[in-house]
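Beneath this line is the structure, given in structure tokens, with notes to follow.
Note that ligands are numbered from 1 as they come in the structure, with each ligand's atoms numbered from 1 the same way. Keep in mind that this is a model prediction, so the values were computed, not measured.
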Amino acid sequence: MLEGQVALITGASSGIGRATAEAFAREGASVAVNYCKNRSGAEQAVETIRKIGREAVAVKADVTQSAEVKQMMKTVLQKWGRIDILVNNAGDLLARRTLVDMTEEYWDQVMDLNLKSVFLCVEAIWRHMAERKSGCIINVASIAGRNGGGLGAAAYSAAKGGMITYTKALAKELAPYGIRVNAINPGVIATPYHERYSPPEVFQKFIAAIPMGRAGTSEEIADVIVFLASPAARYMTGEAVEVNGGMLMD
Ligand code: NAI
């Protein structure tokens, strides 16, 4: 479904990003695996992709830092000459905080990582896509951006809600240039994210609210991202696709 495409996936050293990198490769894409701190995870993803028979490169960049984002795009463009697909996947809750322990510094960190990073990555690549009259951007938002998230996810859910709205605004701005922009809203997905922030009793409460009775897997999110990136979704833009086992239905 992605034969010959070049994709850059942010935060691809673990979880959903890594599963997406590997799924893209299985569908025929060359993949740039962005990482910030987890170099060994990124290198493992690259190794897996090469075993699949596709090209891959690990690219270090903190997506909250404009200069590092620009350098990342330059590195990928130097290697393959183009970027067809950008998946803005890097994101994190950083901590569970309610108003009781909310600080301005934490609020800004969450916004920078989950919202500003999307602007920085898109800003650094859209002209290149526009020149080629072709491009596809997929933003990994969250069910939290629709329903306010679990307790302590206020800043995160506000950022993800902003990401969903920004996706729609970008889709309108970039459609004339042949660039599609969509979002995906995962529900509760079993990744290192919940290992960090959801103790077993909290995680079980989440599961109890899912009609399908289980958490999703990174691969189940990756499969939908592959669809959004593929020609099968060529008439879709500005959409935020819910993938949550029935936890939230529109
Ligand atoms: P994860 O923790 O495995 O993945 C997050 C990735 O972002 C990591 O690879 C991390 O290194 C990277 N990252 C963090 N800060 C970064 C930075 N400054 N620069 C570059 N990379 C950075 O967890 P998961 O679950 O795979 O998360 C992926 C995305 O999915 C995130 O945006 C998360 O908010 C979103 N999501 C996850 C859900 C879940 O239930 N696991 C539900 C809804 C959305």
>> For E239, give me all partners under salt bridge (Lys or Arg N to Asp or Glu O under 4.0 Å), at least two apart in sequence or on another chain.
In response: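 Salt bridge (Lys or Arg N to Asp or Glu O under 4.0 Å) list for E239, sorted by chain: empty.
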> Near ligand 1, which residues have a heavy atom under 4.0 Å away from one of its atoms?
Replying inline: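 Near ligand 1, by chain and number: G11, S13, S14, G15, I16, N34, C36, A61, D62, V63, N89, A90, G91, L113, V140, A141, S142, Y156, K160, P186, G187, V188, I189, T191, P192, Y193, H194, R196.
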> Quick check: are there more than 12 heavy atoms from other residues, nucleotides or ligands sitting under 6.0 Å from CG of L248?
Replying inline: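 Enclosed: over 12 neighbouring heavy atoms sit under 6.0 Å from CG of L248.
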> Can you name the residues that form a ring pair (Phe, Tyr, Trp, His ring centres under 6.0 Å) with F227, not counting sequence neighbours?
Replying inline: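 None.
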> Mind checking what makes ring pair (Phe, Tyr, Trp, His ring centres under 6.0 Å) contact with F119, not counting sequence neighbours?
Replying inline: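 Scan of F119 (ring pair (Phe, Tyr, Trp, His ring centres under 6.0 Å), adjacent residues dropped) gives none.
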> Ion pair present between E201 and K205, side-chain N to carboxylate O less than 4.0 angstrom?
Replying inline: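 No, E201 and K205 are not salt-bridged.
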> R180 side chain to M236 main-chain N or O, any donor-acceptor pair under 3.5 Å?
Replying inline: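 The answer is yes, because a donor-acceptor pair under 3.5 Å joins these two groups.
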